[in-house]
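All remarks here apply to the structure that follows.
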Amino acid sequence: LAYVGVLAYVVYAAATLGLSLERVQAGLGHGARFLAGFFPPNFTETDIIPGLLESLQIAFLSSLIGTALAIPVAVLAARNMMPAAVSSAARLLIAFCRSFHPVIIAIIAVKAVGFGALAGIIALTFASIGFVGKLLAEAIEEISKKQIEAVRATGASFMSVIAFGVVPQVMNRFIGFVAYETDSNLRNSTMVGVVGAGGIGGTLFSAFQRFDYAFVAGIIICIIGLVMIGEVLQLYVKRVFR
């Protein structure tokens with residue numbers, strides 16, 4: 001019955017959304033003509049390098065600030081470290097940060113602080129708090145209690161318990177969370193730029209508006225290259241800290 005129900009809903013959703021084989025066939029033809037305008041890519045415009053550097057700066061700063069804010073929130077959200085009232089409030093904050101797409105926060109930030117990189121940093125910092133805070137809190141909840149109890153038995157303070165009982169057990173996973181979020185912010189910095197929050201996204205959107213598809217292709221290839229470099233650096237960082 002569950003399979004039949006899912007299949008029935010798929011058919012219903014496809015029908016109500018206007019999906020049809022004719023539209024797909026027509027779209028393939030339009031898509032081919034559209035992609036033909038991407039070649040050869042144009043890398044000669046002077047806006048690419050400054051836009052990429054600004055996107056890189058937005059991603060780095062938002063990841064740094066977001067991670068710094070997410071660490072105390074994650075500790076407060078861990079149920080094995082805090083009373084239920086405190087952890088519930090912290091988890092509510094994390095859920096709030098995760099409820100909105102970065103583009104939505106970027107639109108609000110642009111209205112609040114104006115166009116530019118600051119709006120992008122605010123939007124991606126907001127997203128970083130939700131992502132890193134949630135995963136780090138769950139990692140803290142999964143640690144062994146024996147090490148924490150051993151540190152507490154020495155009469156250590158709460159901060160010493162965190163430093164010597166919690167941090168050694170979650171450090172490897174924490175590095176992975178931060179590396180992934182930095183990589184994610186590098187991609188998202190392009191999207192928030194479309195709404196005026198700085199970075200290469202604004203240049204990309206402007207190129208689309210003037211139908212300069214060769215320049216669009218050049219920007220997209222540069223973004224792919226930047227993300228691939230970030231992926232290589234992420235693997236290197238993980239290897240160094242293991």
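Worth knowing before you read on, the calculation uses all heavy atoms, side chains too, and leaves out hydrogens, waters and symmetry mates. The first residue in the sequence is number 1, and the count goes up from there. Note that this is a predicted model, so its numbers are computed, not measured.
- Linking ILVMFWY residues whenever their side-chain heavy atoms come closer than 4.5 Å, directly or via other members, leaves Leu53 and Met228 in distinct clusters.
- Put simply, the side chain of Thr67 gets close to the backbone of Ser63: a donor and an acceptor are under 3.5 Å apart.
- The hydrophobic cluster containing Tyr3 does not contain Val11, counting ILVMFWY residues as joined when their side-chain heavy atoms lie under 4.5 angstrom apart, directly or transitively.
- Classification of the Phe96-Phe100 ring pair by plane angle, with boundaries at 30° and 60°, yields perpendicular.
- The salt bridge (charged side-chain N to carboxylate O under 4.0 Å, His left out) contacts involving residues 83-102 comprise Arg91-Glu141, where partners must be two or more places apart or lie in separate chains.
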Derivation of the side chain to side chain contact (heavy atoms under 4.5 Å, CB included) call for Thr154 and Phe164: CA-CA 12 Å; Thr154 64; Phe164 299 104; over 6 Å; no
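- Taken together through direct or relayed side-chain contacts under 4.5 Å among Ile, Leu, Val, Met, Phe, Trp and Tyr, Leu64 and Val178 form parts of separate hydrophobic clusters.
- Side-chain contact between Thr203 and Ile48 is absent, with no heavy-atom pair separated by less than 4.5 Å.
- Taking a 4.5 Å side-chain heavy-atom cut-off between Ile, Leu, Val, Met, Phe, Trp and Tyr, the cluster of Val103 extends to Ile107, Met191, Val195.
- Phe174 and Val167 fall within a single hydrophobic cluster, where Ile, Leu, Val, Met, Phe, Trp and Tyr side chains are chained together by heavy-atom contacts under 4.5 Å.
- Across all their heavy atoms, Met81 and Ile162 have their closest contact at CE-CD1, 3.5 Å.
- Side-chain heavy atoms closer than 4.5 Å link hydrophobic residues (I, L, V, M, F, W, Y) into clusters, and following such links, even through other members, never connects Phe177 to Phe60.
- In this structure, CD1 on Ile223 lies 5.5 Å from CG on Leu204, to the nearest 0.5 angstrom.
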Donor-acceptor pairs under 3.5 angstrom involving side-chain atoms of residues 115-139: please list them, not counting sequence neighbours.
{"residue": "Thr125", "atom": "OG1", "partner": "Ile121", "partner atom": "O", "Å": "2.6"}
{"residue": "Ser128", "atom": "OG", "partner": "Leu124", "partner atom": "O", "Å": "2.8"}
{"residue": "Ser128", "atom": "OG", "partner": "Glu181", "partner atom": "OE2", "Å": "3.1"}
{"residue": "Ser128", "atom": "OG", "partner": "Asn185", "partner atom": "ND2", "Å": "2.9"}
{"residue": "Lys134", "atom": "NZ", "partner": "Glu138", "partner atom": "OE2", "Å": "3.0"}

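- At distances below 3.5 Å, at least one donor-acceptor pair connects side-chain atoms of Ser87 with backbone N or O atoms of Ala84.
- Considering all non-hydrogen atoms of both residues, Ile221 and Pro41 come closest at CD1-CG, 3.7 Å.
- Ile143 and Val166 get closest at one heavy-atom pair: CD1-CG2, 3.9 Å.
- Of the candidates Ile219, Ile220, Ile58, Ile219 is the only one forming a side-chain contact (heavy atoms from CB on, under 4.5 Å) with Ile200.
- Checking side-chain atoms of Ser189 against main-chain N and O of Leu186 turns up a donor-acceptor pair under 3.5 Å.
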